Amino acid sequence: MGSETQARVPVIDLSKLETLEAGTEAWGSTCKAMRVGLEEFGCFCVVFEEVSLELHNSFFGAVDELFQLPIETRIKNTSEKAYHGYFGRYSFLPLYESMAIENPTQLDAAQSFANLMWPAQGNNHFSETIQRFSTLMAKLDKIITRMVLESYGVTKQLIDTNIDSTANLLRFFKYRVPEEHETDVGLHAHTDLTFFSIIHQHLIGGLQIQSLDDQWIDLEPSGHCSFVVMAGDALMAWSNDRIRSCRHRVTMKAEETRYSAGMFSFKNGTISVPEELVDDANPLRYKPFNHFDFLTYDKAKGSKKFLYRIRDYCSI
Ligand SMILES: O=C(O)CCC(=O)C(=O)O
Ligand SMILES: [Fe+2]
């Protein structure tokens with residue numbers, strides 16, 4: 001199924017972005033391609049050359065170094081926010097482990113994470129690499145948010161407010177190779193609770209997305225500057241169901257440890273469906289909601305039986 005079906009998920013090259021101007025035909029067609037990808041697959045791929053091969057290599061070198069730390073240290077990655085800390089050591093998910101940094105574009109946040117992980121001397125190389133990579137990821141998230149929201153014809157003020165309210169979380173993932181008797185499920189099928197999730201895979205593929213007609217599509221890593229942009233449940237609600245959050249999973253087929261990373265965006269304040277997205281054919285489907293309260297609710301309730309958990313929280 002792999003490469004044949006993969007071709008259908010749009011691949012959008014943002015390398016020429018500096019020359020793309022808002023209002024031009026090229027800008028409009030790029031916005032539209034993103035919207036089509038999200039409406040048809042819940043995702044699209046982007047090529048973003050600002051991430052150099054050197055940065056990609058340093059970044060995954062830093063991730064590897066992090067996962068070499070003892071487990072007692074790794075589990076110190078905690079957070080007051082739901083779903084913002086260490087994940088792993090679950091019997092139902094034996095291959096998977098992940099850690100996360102809040103506000104990773106701020107050097108002091110990256111440094112305090114490094115101080116927690118390397119208490120004796122910190123790790124400047126680690127925190128600088130994380131901050132450099134995250135800054136570009138956050139830039140990509142902003143560009144995409146602007147272009148996608150614009151494609152729905154909402155006001156510039158609303159787009160700016162949405163972007164200004166963004167809180168970023170950078171998550172690092174490690175999947176070990178299954179033993180002979182073990183499952184190859186790296187991560188079960190789910191949707192993210194984010195606004196956007198931008199996934200960057202290292203050398204080993206395994207990320208699969210489910211199309212609206214229920215086919216699983218492999219999204220292989222295709223270079224140091226390629227990324228998968230997925231819609232999360234919060235974007236689904238914002239869009240009044242024009243976009244479905246992307247159902248995805250990870251399957252471990254390779255004989256090597258798999259690393260990947262995700263830049264997740266959440267929104268501070270209230271998310272509500274813009275009036276431009278409500279009409280007779282599309283009646284309002286979601287009440288206004290607080291993104292972080294949704295995470296807290298979901299964690300407490302564990303409403304895994306819902307395909308789209310946001311519907312359990314605030315659908316009308
Ligand atoms: O490892 C990946 O590529 C994706 C991870 C993921 O889907 C998640 O943590 O929500
Ligand atoms: Fe996910």
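Please read these numbers as outputs of a predicted model, since none were measured by experiment. Indexing begins at 1, ligand by ligand and atom by atom, following the structure's order.
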If only side-chain N and O atoms count, and only distance matters, is there a donor-acceptor pair under 3.5 Å linking Asp241 with Tyr308? no
Pair Phe59 + His202: ring centers closer than 6.0 Å: no
Hey, are Arg176 and Glu182 close enough for a salt bridge, meaning a charged N less than 4.0 Å from a carboxylate O? yes
Would Ser98 and Tyr96 count as having a side-chain donor-acceptor pair, cut-off 3.5 Å? yes
Any donor-acceptor N or O pair under 3.5 Å, side chains Glu25, Ser29: no
When the ring centroid of Phe266 is compared with that of His84, is the distance short of 6.0 Å? yes
Report the atom name of the nearest N/O/S atom of Asp192 relative to the Fe ion (ligand 2). OD1
Between ligand 1 and the protein, which N/O pairs are shorter than 3.5 Å?
from, atom 1, to, atom 2, distance (Å)
ligand 1, 1 (O), Tyr175, OH, 2.6
ligand 1, 1 (O), Arg258, NH1, 2.9
ligand 1, 1 (O), Ser260, OG, 2.8
ligand 1, 3 (O), Arg258, NH1, 3.4
ligand 1, 3 (O), Arg258, NH2, 2.9
ligand 1, 3 (O), Ser260, OG, 3.2
ligand 1, 7 (O), His190, NE2, 3.3
ligand 1, 7 (O), His248, NE2, 2.9
ligand 1, 10 (O), His190, NE2, 3.1
ligand 1, 10 (O), Asp192, OD1, 3.1

